[in-house]
Amino acid sequence: MSRRGTAVQPIRKTYKEEEVMRKSFRAAVVVAGVAVSVLATAPIAQAATPAPAACISASEERDWGRGEITACPLGNGRTQLTGWVEDLKPGGGWVTPDGYCVAWWLETGPNDGTHGVVFCPHIVPGGETRRDFDYPVTTARPVTALRLNIAAL
């Protein structure tokens with residue numbers, strides 16, 4: 001038997017099948033749109049991430065002391081302090097004119113700060129007047145400035 005006289009009939013879909021295909025196509029378009037928007041915003045989110053703050057340094061000399069310090073943020077409120085401090089008037093007693101401690105003051109805001117390094121030669125056995133340091137400290141806010149200071153213990 002020959003097929004010459006037979007016409008090919010197109011496959012006709014039912015209304016329900018056409019509706020399912022339209023919904024599937026719409027869902028695919030929505031998913032593609034979401035994927036494109038996520039990919040488009042990813043580089044923006046990375047670019048908006050702040051870079052870690054840079055290290056700050058100070059070097060000071062006064063008639064009672066001198067030193068150098070570098071403060072580098074480590075994250076999570078921690079700062080690495082590196083440098084040295086020297087007491088030029090070590091004195092011999094507590095709170096006498098020459099008996100103060102030399103300290104590095106870490107400013108953490110306009111009206112706030114803390115002593116990060118305190119060196120008191122009158123407490124240290126052996127008469128050492130200079131101290132090198134390299135250690136982390138934790139502060140409530142980032143260190144914004146460094147000043148050589150005196151402290152009485």
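Leu148 has its side chain within reach of Val102: a pair of non-hydrogen atoms, C-beta onward, lies under 4.5 Å apart. Annotation: side chain of Trp104 is in contact with side chain of Phe133 (closest heavy-atom distance under 4.5 Å). Between Asp134 and Gln80 the shortest side-chain heavy-atom distance falls below 4.5 Å.
Nearest heavy atom pair, residue Ala103 against residue His115, reads CB-CD2, 3.2 Å. Closest heavy-atom contact between Ser57 and Thr70: OG-OG1, 3.0 Å. The shortest heavy-atom contact between Arg147 and Glu60 is CA-OE2, 3.4 Å. The heavy-atom pair separating Thr108 from Thr139 by the smallest distance is CG2-CB, 4.1 Å. Of all heavy-atom pairs between Pro73 and Ala54, the closest is CD-O, 3.8 Å. When all heavy atoms of Pro136 and Leu74 are compared, the closest pair comes out as CB-CD1, 4.0 Å.
Rounding to the nearest 0.5 Å gives a distance of 10.5 Å between CG of Asp132 and CD of Glu68. Here the CD atom belonging to Glu86 is positioned 8.5 Å from the CD atom belonging to Glu61, to the nearest 0.5 angstrom.
Under the 4.5 Å side-chain heavy-atom criterion for Ile, Leu, Val, Met, Phe, Trp and Tyr, Ile56 and Tyr135 are members of the same hydrophobic cluster. Linking Ile, Leu, Val, Met, Phe, Trp and Tyr whenever their side-chain heavy atoms come within less than 4.5 Å puts Val117 and Ile150 in one cluster. Residues Trp105 and Trp64 do not share a hydrophobic cluster, defined by chaining ILVMFWY side chains whose heavy atoms lie under 4.5 Å apart. Trp84 and Tyr100 end up in different hydrophobic clusters when Ile, Leu, Val, Met, Phe, Trp and Tyr side chains are linked at under 4.5 Å.
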| Steps toward side-chain contact (heavy atoms from CB on, under 4.5 Å) verdict (Leu81, Ile69) | CA-CA 7 Å; Leu81 302 179; Ile69 187 171; 4.2 Å; yes
| query | What do the steps show when you test Leu106 against Leu146 for side-chain contact (heavy atoms from CB on, under 4.5 Å), and what is the final call? | reply | CA-CA 5 Å; Leu106 311 176; Leu146 307 160; 3.3 Å; yes
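Here Asp87 does not pair with Arg131 in a salt bridge; the nearest charged N to carboxylate O distance is not below 4.0 Å.
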